[in-house]
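Note that the structure is a prediction, hence the values are computed from the model and not measured.
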Protein chains: 2
Amino acid sequence: MTSGRVTIADVARRAGVSTAAVSKVVRGAYGVSAEMQAKVTQAIDELGYRPHAAARALRGRTYTLGVMLSDTRNPFFPDIIEGVTDRLGDTEYQVLLGPGGIEPKTQARMTDAMIDRSMDGLILISPVMTDAELTAIATATPVVVVGRHGGAAAYDAVVDDDVMGARLVVDHLVGLGHTRISHITHLERARAQGLPHTVRAEGYRQAMRAHGLADDVLATSFTEVGGFEGARELLARADRPTAIFAGADIAALGVLRAADEAGLSVPEDLSVAGYDNIGIASLKRISLTSVDQDGHVIGATAARLLVERIEGRTRSVTSSVSPTLIVRGTTGRPRP
Amino acid sequence: MTSGRVTIADVARRAGVSTAAVSKVVRGAYGVSAEMQAKVTQAIDELGYRPHAAARALRGRTYTLGVMLSDTRNPFFPDIIEGVTDRLGDTEYQVLLGPGGIEPKTQARMTDAMIDRSMDGLILISPVMTDAELTAIATATPVVVVGRHGGAAAYDAVVDDDVMGARLVVDHLVGLGHTRISHITHLERARAQGLPHTVRAEGYRQAMRAHGLADDVLATSFTEVGGFEGARELLARADRPTAIFAGADIAALGVLRAADEAGLSVPEDLSVAGYDNIGIASLKRISLTSVDQDGHVIGATAARLLVERIEGRTRSVTSSVSPTLIVRGTTGRPRP
DNA sequence: GTCTTCGTGTAGAACGTTCTCCATTGGTAG
DNA sequence: CTACCAATGGAGAACGTTCTACACGAAGAC
C-alpha cells in the first residue's frame with residue numbers, strides 16, 4: 001500500500017547527506033549551509049518528497065490544527081471556518097474539522113480523538129462541557145474556545161459580546177414602540193456555563209429591565225422547529241407579544257413560519273429579530289433583522305491566538321468581538 | 001507537554017505482561033487467553049489508556065477516515081456528513097472533515113495532507129480534479145467519490161441520478177404548461193468531468209429535447225449571487241423564460257431575489273425550481289420546489305463502501321441514489 | 001603553536017505502536 | 001514414553017521522523 005512513499009532516507013541518499021541534515025532543511029532549523037540547503041531542496045523537488053505527518057507526530061509537530069464543531073448544521077459555522085482557513089492559508093498548518101455532535105459525550109469523544117492524533121492545537125466552537133473538562137483538555141494541548149464566556153486561565157477565548165448584541169435588539173424594538181417583547185432561548189441539558197444563548201438571554205433581561213419592561217423568556221431549542229414551537233406557544237397567549245427576539249436566526253426562521261401559519265403579517269402584527277445574521281437572512285424573501293457577529297473575524301482571531309499559544313505564549317487571552325445590528329424588514333412599529 | 005500520556009508500556013507493566021500482549025488485546029487479535037484478556041482490560045480501565053493514533057499510523061491503522069468537502073457553505077453537506085457519522089457511530093473509526101476549498105489546487109493540497117496523516121480512507125465530495133489525479137489518490141489509499149459520475153476502476157462512487165432529477169423538474173414544468181424553461185448551471189474552470197452540474201445540465205437538455213422544446217442553458221455559479229445574476233440576465237430578455245430551473249437551491253434563492261427585484265411574482269410570472277432540497281427550501285416563506293437527494297443515505301452509503309474497501313474489497317462499486325421531486329409553492333401554471 | 005570558539009554535519013537514540021518470528025507449555029496420538 | 005501439534009505469550013525489529021549529543025575542521029585569540 002504505502003510502498004511508493006518517498007521517505008526522508010530516500011532524499012538523504014539522493015543528496016548524499018544524512019537524514020538529520022535533510023530534517024534540518026525541511027524544518028528550517030539552525031545550522032545549514034547554503035550549499036546543503038540547495039542540494040537538499042533539489043533532491044526534495046526531484047523526488048516529490050512530503051514529510052509523513054504521522055511519523056512527525058511521534059517526535060515533534062504534526063502541523064495539524066483541529067476545529068471541533070458542535071453542530072454541523074449551524075449555517076454560522078462556515079464563516080468561522082473560512083476565517084480560520086484564510087488566516088492559516090499561507091502557513092504550514094492544516095486544518096481538520098471534527099463533527100462533535102450536540103451531546104457532551106460525543107464532543108468529549110471527538111476532542112479525545114483529536115488529542116490522540118497529536119494535533120498541535122484545538123479550536124473548540126461552543127463546546128458543551130464543564131470548565132473542568134475544558135481545562136483538562138487544555139493541559140493536554142493548546143486550546144482556543146470560541147463562543148463561551150468566562151474563559152479560564154488554561155486556554156484562550158474568542159467571544160462575541162452577546163450582552164451587547166441582545167441590548168442592541170431590545171433597544172431597537174423599544175425604539176419602535178414595542179413593550180411586550182419575548183425572547184426564545186435554547187434549553188441546555190448539560191451543566192455548561194457561559195454559553196452564548198445563556199448570555200444572550202441574560203443580556204435581554206438586563207436590557208428589558210433598563211427600559212422598565214417585564215421580561216419573558218421561553219426556552220426551546222435553536223432549531224427551526226424549536227423557534228416554530230416556541231412562537232406558536234407565545235402567539236397563543238391572550239396578551240401575546242408584539243415582538244419576538246429569537247436567540248438564533250434558525251429559530252427566528254421558525255418564528256416566521258409560526259407567524260405565517262397563525263395568519264399574522266410581519267412586521268405589522270409581529271416583529272421578529274434573530275441573531276447571527278446568517279446568509280439567508282439577507283434574502284429579500286426573508287429579510288430578517290439580525291445581529292451580525294462577523295464570523296470571519298472570530299475565526300481568524302481564534303486561529304491567530306492558537307498559533308501564538310502553540311509557539312509559546314502562556315498568558316491567557318480573551319478576545320471580544322463587538323456585534324452590530326442589521327435592521328431589515330421583519331421589524332417595524334407595532335399596531336397602535 | 002505529552003508528559004502525562006499513558007502508553008502501552010504503562011499498561012503492560014501494570015498488568016505484568018508484555019507490550020505485545022497488550023497490543024493483541026487492544027486490537028482483538030488472535031491468540032489471547034480469557035485470563036490475559038481480563039488482566040489487560042482491567043489495567044487499561046484503571047489507567048485510562050487510549051492508543052496513540054499517530055503512533056499506530058506508523059505500523060498499522062489510524063482508524064481515521066477523511067471527508068474532503070469542496071465547499072463548506074453548501075447547506076447540503078451537513079446531511080451527507082450526518083449520514084457518514086451515523087453509519088460510523090458505533091465503529092472504532094473517527095471521521096475528520098477537510099475543508100478543501102473550491103480550487104483544484106487547494107483540494108489537492110487537502111487530499112495530500114490527509115494522505116500524509118495516514119488516514120485509512122477518504123471520502124471525496126464533489127472533488128474538482130481530473131480522473132488521473134483521482135486515480136493517483138486512490139492508489140495511495142481507499143477512496144469513495146461522492147457526486148461524480150463515471151467513476152473509474154480504482155475507487156467506489158456514490159452518485160445521485162442527476163439525469164433523472166433534471167427530467168423530473170422538466171416534466172413537472174412542462175406538465176404545468178411551460179415551454180420557455182431556462183436552466184442555470186455552474187461554470188467550471190477545471191477540466192473535471194462528470195460533475196453533478198454538468199450531468200444535470202445534460203439531463204435538462206435531454207428532457208427538453210424529449211418534449212420537443214428548445215433548451216437554454218446559462219452558466220454562472222452555484223451561489224446566491226450566481227443565481228441572482230443569471231436570473232437578472234435571463235429576465236432582461238425580450239422573450240424571457242416563464243420558468244427557471246436552477247441546478248442548485250442556493251442559486252434558486254438568488255433567482256427568487258432577482259424575481260423580487262424585477263417586480264415579478266412567483267409563481268404567477270415566473271416559476272422557479274432548484275436542486276438539493278436544502279432545509280430552508282421547506283420554509284413557508286421560501287417554499288421552493290426542489291429535487292431531493294437524501295444526503296443522509298448518500299453519506300451512509302459512502303461510509304459503508306469505504307469501510308468495505310478498507311477491509312479488503314477490491315472490485316469497484318458504484319451506487320446510484322434515485323432523487324424525488326418535492327413540489328412546493330414556487331412552481332405553478334404560467335400566465336396564459 | 002596551542003587553546004577556544006564557532007559553524008556545520010552526523011550517529012544514534014528516542015517516540016508508541018504493530019507484527020513477524022520464536023519459545024514455551026500442555027495435550028494428544030501413536 | 002516419545003513425537004507432534006495447537007495455543008499462547010514474548011523479544012525485538014520495524015515504521016519515518018526529530019533531536020540531543022558529539023565530531024570535525026577552520027578561524028581567531030593569546
Exercise. Starting at the 5' end of DNA chain D, which residue's closest nucleotide do you reach first, A:Pro51 or B:Val17?
Worked result: B:Val17

Exercise. Is there side-chain contact between A:Leu306 and A:Pro142, with at least one heavy-atom pair below 4.5 Å?
Worked result: yes

Exercise. Between D:dG16 atom P and A:Tyr49 atom OH, what is the distance in whole Å?
Worked result: 10 Å

For this session: Write down the distance between CZ (B:Arg13) and C1' (C:dG16), rounded to a whole number of angstrom.
Result: 13 Å

Problem set entry | Whole angstrom value for the distance that separates C1' of C:dC19 from CD1 of B:Ile8 | 12 Å

For this session: Please determine, by modelled atom types, if A:Thr62 and A:Arg117 share a side-chain donor-acceptor pair under 3.5 angstrom.
Result: no

Identify all pairs in which a protein N or O lies below 3.5 Å from an N or O of nucleotides 12-14 of chain C, and state each distance.
residue: C:dA14; atom: N3; partner: A:Arg59; partner atom: NE; Å: 3.2

Problem set entry | Within residues 26-46 of chain A, residues whose heavy atoms come under 4.0 Å of DNA chain D | A:Arg27

Exercise. CZ of B:Arg61 versus P of D:dC15: gap in Å, rounded?
Worked result: 18 Å

Exercise. Less than 4.5 Å apart, any side-chain heavy atom of A:Val145 and any of A:Pro127?
Worked result: yes

Exercise. From the list C:dT10, C:dT17, D:dT17, which nucleotide is the closest neighbour of the side chain of A:Arg56?
Worked result: D:dT17

For this session: Rounded off to whole Å, could you give me the CG-to-C1' distance for the A:Leu58 and D:dC15 pair?
Result: 9 Å

Exercise. Once you round it to whole Å, what is the distance between C1' of D:dC15 and CZ of B:Arg117?
Worked result: 17 Å

Seminar exercise, completed: Here the distance between atom P of D:dA11 and atom NZ of B:Lys24, to the nearest Å, is 12 Å

Problem set entry | Rounded distance in Å - CG (B:Asp120) to P (C:dT17) | 16 Å

Exercise. Please walk me through it: do A:His52 and B:Ser118 pass side chain to side chain contact (heavy atoms under 4.5 Å, CB included)?
Worked result: CA-CA 8 Å; A:His52 193 306; B:Ser118 353; 2.9 Å; yes

Problem set entry | Donor-acceptor contact below 3.5 Å, side chain B:Gln107 vs main chain B:Val128 | yes

Exercise. Side chain to side chain contact (heavy atoms under 4.5 Å, CB included) with B:His296: which residues, sequence neighbours excluded?
Worked result: B:Glu82, B:Asp86, B:Asp294

Problem set entry | Divergence of helical axes at both termini of the helix from C:dG1-D:dC30 to C:dG30-D:dC1 - five pairs an end, 10° steps | 50°

Exercise. How far apart are the closest heavy atoms of B:Gly66 and B:Met114, and which atoms are they?
Worked result: CA-CE, 3.8 Å

For this session: Please collect all salt bridge (charged side-chain N to carboxylate O under 4.0 Å, His left out) contacts where either partner lies in residues 34-51 of chain A, sequence neighbours excluded, each pair once.
Result: A:Arg14-A:Glu46, A:Arg50-B:Asp112, A:Arg50-B:Asp116

Problem set entry | Carboxylate-amine/guanidinium contact A:Arg313 A:Asp156, below 4.0 Å | yes

Exercise. Counting only side-chain N and O atoms of B:Ser18, is one of them less than 4.0 Å from OP1 or OP2 of D:dG9?
Worked result: no

For this session: Keeping the roles fixed (side chain from B:Glu311, backbone from B:Glu308), state whether a donor-acceptor pair exists under 3.5 Å.
Result: no

Problem set entry | Residues that B:Arg59 engages under side chain to side chain contact (heavy atoms under 4.5 Å, CB included), provided they are two or more places apart | none

